[in-house]
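Structure first, commentary second.
Just so you know, ligand 1 is whichever comes first in the structure, and atom 1 is the first atom listed for that ligand. All residue numbers in this chain count up from 1 along the given sequence. Source: prediction; values computed, not measured.
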Amino acid sequence: MAVRAASGVFLAVLCGAAALAAGRAVASPIADSYPIATDVRLGGDDTDSRFVMDLSRKIDLHAFTLADPYRVVVDIPEVIFKLPPKSGESGRGLIKAFRFGLMMEGGSRIVVDLVKPARIDKAFVMDASAADPARLVLVLVATDRDSFLRKLALDDKTNVKLPAAPEPQPANGDSRPVVVVDPGHGGIDTGTRAPGGELEKDIVLDLAKRLRDRIDKFGKYRVVMTRTDDTFIPLAERVDIARKAQASLFVSLHADYLSHREGDAQGATVYTLSDKATDPEAAKLAEEENRADVIAGIDLKSQPDDVAGILVDLAERETKTFSIQFAHKLVAELKGITKLHKDPMKSAGFRVLRAPDVPAALVELGYVSNKDDLKSLMSGAWRDQMADSIAKAIDAYLSTHVAGAGPNAD
Ligand SMILES: [Zn+2]
């Protein structure tokens, strides 16, 4: 219920009471009850560009800009996007590319990447007419960096902030060690995409649920998921969830992609946190995974940097050692059941692994760009085996590291 309340508040701020009526306040989750986006067109040049999206009915919107990188964010009530394939992959004029998708229950978002600074000249939704459907219209006009930042400062007070993450499932007196399972990406942030259209966010969510069920079977641990559906969770909130739950372990699940130019890598890799990446490939991957917030239109400057001080430093050193010990156990377990990357244990600066007091690892399950890996990733039997091995590694690690989780604890 916390989620529902949070999104209600968000929408009320976002679009006024009308949005609530249009959103999931309607009890029945029938697809027909949501507005549908059916087409999108870009027009203009690099001084003046238009973004036009056809909609099945009129909706409210809230548009604002973000810097570094330059983006325009349009928040709208939950919409079903039925746009032509490849919509948003390329741009025109001031628009480099755009993404769209669910941001949270009841709220969707469009994020437009800009080629250079631009201001929002107009942002509105036109009523349907006899000839045309309702249309969301965004008119952008080129500006310079100084003007862009000045406008941003003025906007700041009215910017919509995401609601705080819903409190993780309460412990309710349950004192068992907590394992946080973190399916990467979600909502507007799809993660990698296989050539056939399979999305990382869906693959890892399904596997995460299997892993949760598998860990539950031990009876020794409490599992907290960072998400259980297709909504977006900022990276910092995932870290927060782990810290608030005083987790003993954090496991993030992902699936990698390499373009043909980069070769055809294959197999699973286990990553831990370090400020210096093992190799350029690991550094690039961390950069990609860290883009989640940029993709979803989060203002990176508004993210608190709560990691400071010598105590944190000390905690980190121990956390790092523990993380590496867990990663070793994980690689050993995975070896038996799936193909591993030629270099299966690496480290890099993943923001989602940054809790100073929670040992953490990020598993790239395989490459959606590799035919054999994708076949595995899409197989229910393979997912079950992976969930089983990861759960065994978690149990092996916690049995020797956490009081109360020993082999005789059940
Ligand atoms: Zn990922």
Side-chain angles (χ1 to χ4, degrees), residues 89 99 101-103 111 180-211 225-239 241-242 250-259 262 265-274 277-298 300 323 327 330 334 338 340-341 343-355 360-370 373-374 376-378 382-383 386-387 390:
E89 286 183 17
R99 297 169 292 284
L102 196 61
M103 195 61 187
V111 181
V180 174
V181 175
D182 174 51
H185 313 278
I188 187 170
D189 172 23
T190 57
T192 58
R193 181 190 297 261
E198 298 88 348
L199 300 176
E200 176 182 2
K201 67 172 183 176
D202 299 329
I203 295 170
V204 297
L205 178 60
D206 179 75
L207 187 54
K209 287 179 176 170
R210 292 172 197 248
L211 175 58
M225 304 269 286
T226 54
R227 69 177 176 101
T228 52
D229 59 16
D230 185 30
T231 52
F232 175 80
I233 312 283
L235 295 174
E237 276 182 25
R238 296 173 195 252
V239 175
I241 289 170
F250 178 93
V251 183
S252 190
L253 301 178
H254 291 259
D256 210 346
Y257 175 90
L258 270 193
S259 70
E262 296 165 295
Q266 187 181 1
T269 315
V270 178
Y271 288 87
T272 52
L273 176 71
S274 73
T278 330
D279 54 48
E281 197 192 319
K284 188 170 165 284
L285 176 74
E287 209 175 285
E288 278 298 316
E289 298 292 7
N290 290 347
R291 283 190 73 237
D293 291 356
V294 167
I295 284 170
I298 305 284
L300 296 183
S323 299
L330 194 46
L334 294 181
T338 194
L340 294 180
H341 188 269
D343 241 344
M345 242 190 82
K346 294 188 184 188
S347 60
F350 294 92
R351 288 182 59 209
V352 78
L353 301 180
R354 278 194 180 274
L362 182 146
V363 188
E364 294 283 348
L365 299 156
Y367 289 82
V368 298
S369 46
N370 176 274
D373 275 9
L374 183 62
S376 299
L377 287 163
M378 296 312 292
W382 183 87
R383 288 179 188 179
M386 283 300 269
I390 298 170

Query raised in the report: Does the distance from a Lys or Arg side-chain N to an Asp or Glu carboxylate O, for K201 and D230, drop under 4.0 Å?
Result: yes
Requested in this report: Measure from the Zn ion (ligand 1) to each N, O or S atom of E289 and report whether any distance is below 2.8 Å.
Outcome: yes
Requested in this report: Return yes when at least one N/O/S atom of E288 is nearer than 2.8 Å to the Zn ion (ligand 1), and no when none is.
Outcome: no
Report summary line: Rounded to the nearest 0.5 Å, the NE2 atom of H341 sits from the CD atom of Q266 at a distance of 9.5 Å
**Report entry** Lys/Arg-Asp/Glu bridge criterion (N-O < 4.0 Å) met for E289, R351
**Finding:** no
**Report entry** Worked verdict on Y257 versus Y367 for ring pair (Phe, Tyr, Trp, His ring centres under 6.0 Å)
**Finding:** CA-CA 5 Å; Y257 175 90; Y367 289 82; 8.8 Å; no
Query raised in the report: Of all N, O or S atoms in H254, which has the smallest distance to the Zn ion (ligand 1)?
Result: ND1
Query raised in the report: When you measure from the Zn ion (ligand 1) to each N, O or S atom of E200, which atom gives the shortest distance?
Result: OE2
